[in-house]
Chemist: 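Starting off with a structure, shown below.
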4 protein chains.
Amino acid sequence: MQKTNIKQHIVNVASKLFYTQGYNATGINEIIAKSEIAKATLYHHFKSKEDICIAYLEQRHKIFLGALKEFTDKANKGRPQLICIFDYLRNSYREGEFHGCWAIKTLSELPPQNQKILTVIQRQKKELLLFLGEVVGDNIANISIAETEKISGGIYLLYESAITETHLHKNDWPIHLAKSLAPSLFAEAQLVN
Amino acid sequence: MQKTNIKQHIVNVASKLFYTQGYNATGINEIIAKSEIAKATLYHHFKSKEDICIAYLEQRHKIFLGALKEFTDKANKGRPQLICIFDYLRNSYREGEFHGCWAIKTLSELPPQNQKILTVIQRQKKELLLFLGEVVGDNIANISIAETEKISGGIYLLYESAITETHLHKNDWPIHLAKSLAPSLFAEAQLVN
Amino acid sequence: MQKTNIKQHIVNVASKLFYTQGYNATGINEIIAKSEIAKATLYHHFKSKEDICIAYLEQRHKIFLGALKEFTDKANKGRPQLICIFDYLRNSYREGEFHGCWAIKTLSELPPQNQKILTVIQRQKKELLLFLGEVVGDNIANISIAETEKISGGIYLLYESAITETHLHKNDWPIHLAKSLAPSLFAEAQLVN
Amino acid sequence: MQKTNIKQHIVNVASKLFYTQGYNATGINEIIAKSEIAKATLYHHFKSKEDICIAYLEQRHKIFLGALKEFTDKANKGRPQLICIFDYLRNSYREGEFHGCWAIKTLSELPPQNQKILTVIQRQKKELLLFLGEVVGDNIANISIAETEKISGGIYLLYESAITETHLHKNDWPIHLAKSLAPSLFAEAQLVN
DNA sequence: GATGAATGAGAGTTCATTCAT
DNA sequence: TATGAATGAACTCTCATTCAT
């Protein structure tokens, strides 16, 4: 463990714990124990547990969106690219260590008043929506803004439930179903290529 | 407060608190204070907080499914009945005291090992799926089992994300979007009436 | 379960629990559950848990002393009868369900102020001492009162530690050692027969 | 109250309470109140109440064995040294704050499954046995291992019952009786000096 | 004679955070 | 910069006993 970047190290340790055990079930003591640092060291780098939580959410989101974009780029134009988010999700599920959506789960654990983290998550989900809108725009010809939002919104809704329901039912049928249903969202649209 | 049925009274009080504040954020002390009973009285009726949680989930589910069925019966045959679950959800949202899906939220709050509550929630969601399957069967003519499952599953996925995303974004656009997208799931099917 | 003698039934159930689990570790609820009676029924027959404890001690003592006397009567006069208490103890140990001395254990569990139960136990132990004194008188010729007390007291001390130490070490070497040492207590005495 | 060594301070306070009132009768709340520390401070130093109990047992044993050895060294060789443990016990009784054997009492208070503390107590008693064996070896000439174990075991049994019975009967006759009987254990042995 | 719901007091334990060093 | 001892507040749960029925 190099201490040159302790902050990153803490986030890494906390991320794993938060995602696998839950935010509330993970105590500060467990984080410092697994990080092998002193308690005050943690509080030197982070104002509060909530701050670690935000760093955790930001890191997960950044990695996720980056990987998704890369994955999308590799897919063929048209229909494959439009529904490749479900393949990406299926891969995540198969790789193990799948515990559903960190954002939704974290939101559920926090008191409803927590505006700070809510704002972070809302922004992240909007970024995902925006990206899906770009994918739709890239792969459907002559499409209006309204249509773009409708289709990308549909993919978004199917994706969000696919991840949550797969986690709930401990089975990936929601992913496969969502993937098979997605094309009906743009059945009448004119795909590029 | 009539003490003729304390058990029900406790569940009512706990339900409200669990749903609005969250399961972990609601302590036993708050439940007994709001219920105006002694701590040991609560534990006389419920073995543990987990047991209250299960009673809460069961009650919510029973009320929800009952009301949904009643609401569906009132809708016109065909397309209206197929998508009326989104109208039902919109009504719930408008009536206030909407805090997303109690089942998903509760699941997020519990340690991943909690098989007991997971099983309850899985069963409840399967009951919803079954009911949606019946609605599809009642309103689409000459439909195979596979098609039924696909369409009802689609409605289920859209409903589940509609409720979660509406809660997340504090806006009912996911409900309206889901409702407008649902018909594309059975665009080629032959509706009754 | 015949309810003709509920009181006895309760004592039987409580005795087993007290002896195997300990007095404090055994709750009233467990007693009524295992007795299959109502809580108020228990309190109808016993004023308090302490009262059940006394009934438990009295029953154990009565059974023990009765069986010991019977066992002693069967032994041959002289040395065999003088040390047969250790054979009796070894038998108890071998029969299983041996958990040390109920009196000493119970005394340890109660607050030092509890004069009531202390008195009961002191009396019981004195009865044992008295009986051992009779055995000594029966088996040693021309013995003074002082000598009788010394020898019976010695047997008593060896017996008491044999039972406690056997329980502590989970091994019956203290019983065998005590039995082998006891004769040195009356090495110079003149045994009958 | 110097807070330089809080851990020791807690053990001291708990020791007194455990020994005089009993383990179960002494609550964590009482320990922290008498220690004048916060509850979380106690749990910072000790994992559980059981851990404090072990520290209590270890401390008592260490002090006891140390003092007993010192006391034995001061006694004259031969018979005085062999039976001086009873004088040591009588002194303890006279000094007040005598409440029997902490180990036996604690064992009686714990559920039979508690292997951890049982092991500690068994080890401690074996250390006492070992020490008594050394004393026997030092004071009896030409003695075999078997004879050593028999005599030291006898002293051990008499000592153990002397302490327990003195506590039970609230009278030191068991100590005096045990002391007077002990020499019969090595009546035929050849003492040094 | 028998019921079981209700209780007040307390149990042991864990939490995120602060502060003197 | 880094430490870890100390904290107050909260946690879930259990106890022997009583009382109206």
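Small disclaimer: the values here were computed from a predicted structure and weren't measured. To find a chain, count down the sequence lines: A is the first, B the second, and so on, and within it residues start at 1.
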Chemist: Strictly distance-based, threshold 3.5 Å: is any side-chain N or O of Y23(D) a donor or acceptor partner for the main-chain N or O of L110(D)?
Modeler: no
Chemist: Could you state the NE2-C1' distance from H9(D) to dA5(F), rounded to the nearest angstrom?
Modeler: 15 Å
Chemist: Step by step, would you call N29(D) with K39(D) a side chain to side chain contact (heavy atoms under 4.5 Å, CB included)?
Modeler: CA-CA 7 Å; N29(D) 287 324; K39(D) 196 172 281 191; 2.7 Å; yes
Chemist: In the strands shown, is dT21(F) matched to any nucleotide by a Watson-Crick or G-U wobble pair with both distances under 3.5 Å, and which?
Modeler: dA2(E)
Chemist: So which nucleotide does dA16(E) pair with, by the Watson-Crick or G-U wobble rule with both distances under 3.5 Å?
Modeler: dT7(F)
Chemist: Nearest to the side chain of I28(C) - dA5(E), dG8(F), dT17(F)?
Modeler: dT17(F)
Chemist: Which nucleotide in the list dT17(E), dT14(E), dT18(F) gets nearest to the side chain of Y43(A)?
Modeler: dT17(E)
Chemist: Go nucleotide by nucleotide along DNA chain F from the 5' end; which of E30(B) and G27(C) gets its closest nucleotide reached first?
Modeler: E30(B)
Chemist: A40(A) has a side chain; which of dA6(E), dT13(E), dG4(F) sits nearest to it?
Modeler: dG4(F)
Chemist: Counting distance only, does the side-chain N/O of K116(D) pair as donor-acceptor with the main-chain N or O of I54(D) below 3.5 Å?
Modeler: no
Chemist: How do K47(B) and H45(D) order along DNA chain F: which one's closest nucleotide is nearer the 5' end?
Modeler: H45(D)
Chemist: Please confirm whether the backbone N or O of L57(D) pairs with a side-chain atom of Q124(D), one donor and one acceptor, at under 3.5 Å?
Modeler: yes
Chemist: Separation of I31(D) atom CD1 from dT13(E) atom C1', in whole Å?
Modeler: 13 Å
Chemist: Measure CG/N5(B) against P/dG4(E) and give the value in whole Å, please.
Modeler: 17 Å
Chemist: Please determine if K105(D) forms a cation-pi arrangement with Y19(D), meaning its NZ or CZ atom is less than 6.0 Å from the six-membered ring centre and no more than 45° off the ring axis.
Modeler: yes
Chemist: Rounded to whole angstroms, how far apart are CG on L17(D) and C1' on dG12(E)?
Modeler: 16 Å
Chemist: Could you tell me whether H44(A) contacts a base, only the sugar-phosphate backbone, or nothing, with contacts defined as non-hydrogen atoms closer than 4.0 Å?
Modeler: sugar-phosphate
Chemist: Return whichever of Y23(A) or K7(B) has its heavy-atom-nearest nucleotide of DNA chain E closer to the 5' end.
Modeler: K7(B)
Chemist: Once you round it to whole Å, what is the distance between P of dG10(E) and NZ of K49(D)?
Modeler: 15 Å
Chemist: Check whether the side chain of K39(C) and the base of dT17(F) form a donor-acceptor pair under 3.5 Å.
Modeler: yes
Chemist: Looking across every strand, which nucleic acid part, if any, lies under 4.0 Å from N29(C) by heavy atom: base, sugar-phosphate, or nothing?
Modeler: nothing
Chemist: Within this structure, what is the CG-to-C1' distance between L42(A) and dA16(E), rounded to whole angstrom?
Modeler: 10 Å
Chemist: Whole Å only: how far is the CD1 atom of I32(B) from the C1' atom of dA10(F)?
Modeler: 13 Å
Chemist: L110(C) CG to dA16(F) P: how many Å, rounded?
Modeler: 12 Å
Chemist: Give a yes/no answer on whether the side chain of T41(B) brings an N or O atom under 4.0 Å of OP1 or OP2 in dT7(E).
Modeler: yes
